[in-house]
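Here the structure comes first, spelled out in C-alpha cells, and everything after it is commentary.
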Amino acid sequence: MSLLVVGLSHRSAPVSLLERASLSVEARAALVRDTVAAGPATEAAVLATCNRIELYADVDKFHAGVAELSTLLSRHSGLGIDELTPHLYVHYEDRAVHHLFSVACGLDSMVVGEGQVIGQLKDCLARAQELHTAGRLLNDLFQQALRVGKRAHSETGIDRAGQSLVTFGLERLSDTGDARTWVRGKRALVIGAGSMSSLAAATLARAGVAEIVVANRTAERARRLAALVEDEYGRRGEGDAGRDVAARAVPMESVPFELSRADIAVSCTGATGLVLSADDIAEAVAGRSGFTGPVEDGETRGGEGPAPSSSAPTHETPETPGGCPLDLPPAPRGGFSVLGEAAVAGMDAATLEQHAAWVAGGTAVDRPRGAEAEADLISALATTVADTGRIPERRRPGAVAEAERPEPVLFLLDLAMPRDVDAAAHRLPGVRLVDIESLAEASADAPMAADVDQVRRIVADEVTAFGAAQRAAHITPTVVALRSMAADVVAGEIARLDGRLPGLDARHRAEITQTVRRVVDKLLHAPTVRVKQLAAEPGGAGYADALRTLFDLDPETVASVSRAATSTEKNRGPA
C-alpha cells in the first residue's frame with residue numbers, strides 16, 4: 001500500500017483561503033483525471049466538503065507523489081503553489097488511513113461528531129468509481145472508512161459530542177442553545193437543494209417551523225425537496241414538534257421577495273459567486289413591515305420612505321431652516337455645533353464657509369472657483385465667525401456613542417464554500433449572520449465528550465486491521481501465481497501419464513488426477529497460509545519477495561494477476 005493524501009482544511013488554513021481554493025464538481029473531476037494521468041499515481045479521489053479539500057492517491061513514489069499532487073491542487077484551485085503550500089498537510093500509508101477514518105467518524109470535523117461527512121465520503125467514492133479512478137486500494141479504503149464511521153456512531157455517544165453543521169449553526173443564530181424551541185413557528189427559506197440543504201430542510205421541519213420555502217436554480221430539484229418535506233412533515237403533522245409544516249418550491253428569481261418574508265434563511269449552493277449581496281439583504285430587511293430599527297445609507301423602513309438619521313436631529317428648526325449643504329446638524333440659537341467639535345477637522349475654507357453661511361442665514365451657498373473667489377470666501381468666513389462665535393481649535397475627535405443595534409429580524413445561516421452570503425451582512429442592522437468562518441471560531445474551544453476517546457480507540461483498531469488486510473492482500477497475487485504454477489505442473493504430469501498409459505480408463509485417470517492435486521494442495525497449504533499471516537504484520541512485505549524467489553515465480557505472471565484485480569475494481573460501478 002502506498003496511500004498518499006495531500007489536502008487543506010479548517011485546521012490548517014483560514015476559511016478565506018479555503019473559500020478561494022474550493023472546487024466545482026467539474027474541477028474535481030478534472031483534478032482526479034489529471035492525477036491518474038500523472039506519473040506517480042494510479043488511483044485518485046477528491047474529498048471536498050465545506051471545510052476541507054483532500055486529494056487521495058495510490059502512488060509509487062512518496063516525494064514525487066507529494067510534489068505532483070501539490071502542483072495539481074494548485075493548478076485546479078487557482079492558488080499559487082507558494083501561497084498554498086504553507087497550509088497543506090501530507091499523510092502517507094497508515095497515517096493517511098488514520099486520517100480518513102478520523103474524518104469519517106467526525107473527529108476532524110469543525111463540529112466534532114457530526115455525521116454529514118459520511119454522506120460526503122460516499123459521494124466522493126461514487127464519483128471516483130464513475131470516473132474509473134478508484135481501484136482496489138481506494139475502493140477498499142473508502143468502503144472501510146464508511147463502515148468505521150457508522151460503527152463509531154452506533155457503538156458510542158459521539159453524536160453527543162457535536163451535531164451537524166446545520167444544528168450547530170442554528171444554535172449560534174439563536175444565542176439560546178436551544179435551536180429547536182427557537183425555530184418553532186418561524187418561516188424558513190432554504191436556498192439550494194443539495195445534501196446539506198436537504199439536511200437543513202429536514203432539521204428545520206423536525207424542529208417545527210411553520211413554513212419551508214425551497215429555492216434552487218434547477219426547479220425540479222427544488223420541487224422534489226419541497227415535496228419530500230411536505231410528505232414527511234406536512235401531511236402527517238407528526239413532526240418532533242407535533243405540528244404541520246407547509247413546504248413549497250420557488251425559482252431563484254423569487255429569493256429577494258421570499259427573503260423579505262422569511263425569519264430564517266439557510267443557503268448552501270454550489271455557486272462560485274455570491275447568492276445574496278448585502279444590498280439584497282438590506283432591501284429585504286427594509287421591506288419588512290414591523291422593522292423599526294435604524295436603517296443606514298438611505299434604506300427604507302417597511303416601504304415608508306427614507307428614515308431620518310439616528311445620530312442627529314432634523315435640520316428643520318425655527319432658527320435655521322433645513323437644507324444644510326453638508327448634512328451637518330445646527331445648534332440652537334445659531335450656535336456652531338459640529339458633532340462634538342470634531343467634524344470641522346481638515347475642512348477647507350470653502351467648506352466651512354458653506355456651513356457657516358447656512359447657519360447664519362439658512363441659505364446654501366454654491367462654491368465659487370478660482371483664487372479670487374477663494375479670497376472672498378475667507379473674508380466671508382471671518383465675518384461669519386465674528387457674528388456666530390469662534391471656531392474651536394481642538395481637532396482630535398471626541399468619543400461618539402455608537403447607535404444601539406436593533407434586535408435582528410432576519411437570521412442567515414451560510415453553509416456554502418465559497419460563501420453564498422456577502423460577509424458585509426454582518427454589519428447590517430436587523431440582521432444576524434452565521435457563516436463557516438464564525439462557526440469555525442465558535443467551535444474551536446468547544447468541549448469534547450468522553451465518547452471521543454472511545455472513538456479514537458475504534459479508529460486505532462480499525463487502522464491496524466486495515467493495514468494488516470492490505471499487507472495480506474499485497475501477497476495474494478504471489479500466492480495466486482504460485483498456485484497457478486502448481487496447477488500447471490499437475491496438468492503437465494497428467495498429460496505425461498496419458499502418454500505412458502494410453503489405455504488408462506477415465507475412472508482411474510480421474511482418481512490419479514485428484515490424488516496428485518490433493519498432494520500439491522496439502523504441500524502448499526501451510527506455507528501459503530503462514531506467509532499471509534506473516535505478511536499481515538508490520539514489515540511483512542518482504543515475504544512476498546521471498547516466496548517469488550524460492551519458487552522461481554515469473555514476476556510478469558504476478559504483475560498480471562495484480563493488474564487484473566485492479567482493473568476489475570476500477571471498472572466497478574458506484575457502491
*asked:* Between Asp461 and Thr464, does the side chain to side chain donor-acceptor pair (under 3.5 Å) criterion hold? Intermediate values first, please.
replied: CA-CA 5 Å; Asp461 292 343; Thr464 300; 5.6 Å; no
*Give the intermediate values and the outcome of ring pair (Phe, Tyr, Trp, His ring centres under 6.0 Å) for residues His91 and Tyr89.*
CA-CA 7 Å; His91 299 297; Tyr89 47 78; 5.6 Å; yes
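Side-chain contact between Ile458 and Phe101 is absent, with no heavy atoms from C-beta onward closer than 4.5 Å.
Judged as a side-chain hydrogen bond (donor to acceptor under 3.5 Å, both in side chains), and not counting sequence neighbours, Gln514 has no contacts. Residues satisfying the salt bridge (charged side-chain N to carboxylate O under 4.0 Å, His left out) criterion with Arg52, sequence neighbours excluded, are Glu54, Asp108. Partners of Asp420 under the salt bridge (charged side-chain N to carboxylate O under 4.0 Å, His left out) rule, at least two apart in sequence or in another chain, do not exist in this structure. For Ala45, the side-chain contact (heavy atoms from CB on, under 4.5 Å) test picks out Cys124, Ala128, Leu138, Phe142, with sequence neighbours left out. For Asp123, there are no side-chain hydrogen bond (donor to acceptor under 3.5 Å, both in side chains) partners two or more places apart in sequence or in a different chain. With sequence neighbours excluded, the residues forming a side-chain contact (heavy atoms from CB on, under 4.5 Å) with Cys268 are Met196, Ser197, Leu415, listed by chain and number. Residues meeting the side-chain hydrogen bond (donor to acceptor under 3.5 Å, both in side chains) test with Thr35, sequence neighbours left out: none. Listed by chain and number, the residues in a side-chain hydrogen bond (donor to acceptor under 3.5 Å, both in side chains) with Thr528 are Arg483 (sequence neighbours excluded). Under the side-chain contact (heavy atoms from CB on, under 4.5 Å) criterion, Thr515 pairs with Glu511, Arg518, sequence neighbours left out. Scored by the salt bridge (charged side-chain N to carboxylate O under 4.0 Å, His left out) test, Glu220 finds Arg223 as partners (sequence neighbours excluded).
No donor-acceptor pair under 3.5 Å is formed between the side chain of Glu43 and the backbone N or O of Ala134. Under the 3.5 Å distance criterion, the side-chain polar atoms of Ser102 are left unmatched by any main-chain donor or acceptor of Leu107. At distances below 3.5 Å, not a single donor-acceptor pair connects side-chain atoms of Thr218 with backbone N or O atoms of Arg221. Using modelled atom types, no side-chain atom of Ser438 and backbone atom of Val434 make a donor-acceptor pair closer than 3.5 Å. A donor-acceptor contact shorter than 3.5 Å is absent between the side chain of Asp422 and the backbone of Leu276. Gln454 contributes no side-chain N or O that, together with a main-chain N or O of Thr156, makes up a donor-acceptor pair within less than 3.5 Å. In this structure a side-chain-to-backbone donor-acceptor pair under 3.5 Å is present from His87 to Ser12.
Ala425 approaches Leu412 most closely through the heavy-atom pair CB-CD1, 4.4 Å. Across every non-hydrogen atom of Leu204 and Val183, the tightest pair is CD2-CG1, 4.4 Å. Nearest heavy atom pair, residue Val5 against residue Ala96, reads CG1-CB, 3.8 Å. Leu413 and Val166 get closest at one heavy-atom pair: CD2-O, 3.9 Å. Nearest heavy atoms, Ala226 versus Ala249: CB-N, 3.9 Å. Ile118 approaches Leu146 most closely through the heavy-atom pair O-CD2, 3.5 Å.
Here Leu100 contributes atom CG and Leu3 contributes atom CG; the two are 8.0 Å apart, rounded to the nearest 0.5 Å. Of the inter-residue distances, the one linking Leu69 atom CG with Leu31 atom CG reads 7.5 Å to the nearest 0.5 angstrom. Between His63 atom NE2 and Leu4 atom CG the span is 11.0 Å, to the nearest 0.5 Å. Between Asp58 atom CG and Thr42 atom OG1 the span is 4.0 Å, to the nearest 0.5 Å. Atom CG of Leu189 is separated from atom CD of Glu211 by 9.5 Å, given to the nearest 0.5 angstrom. Expressed to the nearest 0.5 Å, how far CZ of Arg28 lies from CG of Leu47 amounts to 9.0 Å.
Sorted by first then second residue, the ring pair (Phe, Tyr, Trp, His ring centres under 6.0 Å) pairs that include residues 202-225, not counting sequence neighbours, number zero. Within the structure, the side-chain hydrogen bond (donor to acceptor under 3.5 Å, both in side chains) test picks out the following pairs touching residues 64-83 (sequence neighbours left out): Arg20-Glu83, Asp34-His76.
With respect to Asp414 and Arg419, no salt bridge is recorded, no charged nitrogen being found less than 4.0 Å from a carboxylate O.
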